Each structure stands twice: as structure tokens, then as C-alpha cells.
*Asks:* 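Here's a structure for you.
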Amino acid sequence: MPCTAVASWTKHAAAAKEIVNTLLPDASTERRLDAIVHENVLCQLHNLQTHPVIAAGLAAHKLKLFGWVYDIESGAVDTFDAVAGRFIPLAEGAPVNATPARQQSYLQTQLKS
């Protein structure tokens, strides 16, 4: 019987697993696991953006989100670059914003008028 806490935590990776199952059905187990880990970061970033406080902070340009994957074995950290649309090694440069520049909200366009 799985631990309730672990089962609760892993349910958040269900979307990532489904995406990987659809897009990489014939990939090796190692490749699929790596893809699920990275895809889960993207799914959680998307989920965070649906929360009202987060959405407001992003719209007001007072908040940035970062998506990192830490490889315990190597110590490497990948960060999601929303502009490039891919993960890059964190060592390549400064941390990049994991959320693309948002279009201005309705209020922002009205406040400029």
C-alpha cells in the first residue's frame, strides 16, 4: 500500500506523465523519466499561474517564476527559458524567467490612455 503523503504528492505529476506517454510512447524508461521530471516543472508553472495572487503579480510585473530541475547525481541545474522555449543549464548564464513576457492586461492598456 503506497504512503498517502507520497501518493498525494505524485498525483501532481499525472499531467506530465500523460503528456510524456502521448509524445514519447516508445522512449526508454530513462528518457521517459527525465522527460516527466522536466514536463512536471512546466505543468506546475502553468498551474501556479492560475492562482489569483500569482496571476496578479505576473500581470503587475512584480513577480517572476523560475522553473528549475536539479539532478542529484551530477549536481547540475536546468532552468526553463520561456523565450527559448527549452531548459538550459543554469551555468550558461543568469537565471532566466520561466514565464514569457505577458501581454498587457486590459487594465494596463486602459491606464496608459
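Values in this document were obtained by computation on a predicted structure and should not be read as measured data.
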*Asks:* Hydrophobic clusters here meaning ILVMFWY residues chained together by side-chain heavy-atom distances under 4.5 Å, can you tell me if V37 and L45 are in one?
*Replies:* yes
*Asks:* Going from CD on E18 to CG on L23, what distance comes out if it is rounded to the nearest 0.5 angstrom?
*Replies:*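 It is 10.0 Å, given to the nearest 0.5 Å.
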*Asks:* Any chance you could measure F87, atom CZ, to T79, atom OG1, to the nearest 0.5 Å?
*Replies:* 7.5 Å
*Asks:* Please give me the minimum heavy-atom distance between I88 and R86, naming the atom from each residue.
*Replies:* CG2-NH1, 3.1 Å
*Asks:* To the nearest 0.5 Å, how far apart are CD in E30 and CZ in R32?
*Replies:* 13.0 Å
*Asks:* Show your working on side chain to side chain contact (heavy atoms under 4.5 Å, CB included) between W68 and F66 and close with a plain yes or no.
*Replies:* CA-CA 6 Å; W68 292 4; F66 299 91; 3.9 Å; yes
*Asks:* When you compare the side chain of V41 with that of D78, does any pair of heavy atoms fall below 4.5 Å?
*Replies:*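 The answer is no, as the side chains (C-beta and beyond) never meet within the 4.5 Å cut-off.
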*Asks:* Hydrophobic clusters here meaning ILVMFWY residues chained together by side-chain heavy-atom distances under 4.5 Å, can you tell me if L48 and F80 are in one?
*Replies:* yes
*Asks:* For S74 versus D71, what's the shortest heavy-atom pair and its separation?
*Replies:*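 Scanning both residues, the minimum pair turns out to be N-OD1, 3.1 Å.
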*Asks:* Using the rule that Ile, Leu, Val, Met, Phe, Trp and Tyr join whenever any side-chain heavy atoms are under 4.5 Å apart, tell me whether Y70 and L90 fall into a single cluster.
*Replies:* yes
*Asks:* Please find the pair of heavy atoms, one from T22 and one from P25, that lie closest to each other, and give the distance.
*Replies:*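 The pair with the smallest heavy-atom distance is O-CD, 3.6 Å.
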*Asks:* At their closest point, which heavy atom of A16 faces which heavy atom of I36, and how far apart are they?
*Replies:* CB-O, 3.7 Å
*Asks:* What are the two closest heavy atoms between Q49 and L65, and how far apart are they?
*Replies:* CG-CD1, 3.8 Å
*Asks:* For D34 and R31, run side chain to side chain contact (heavy atoms under 4.5 Å, CB included): C-alpha distance rounded to whole Å, both residues' side-chain angles, the deciding distance at 0.1 Å, then the answer.
*Replies:* CA-CA 5 Å; D34 183 64; R31 171 70 176 108; 4.1 Å; yes
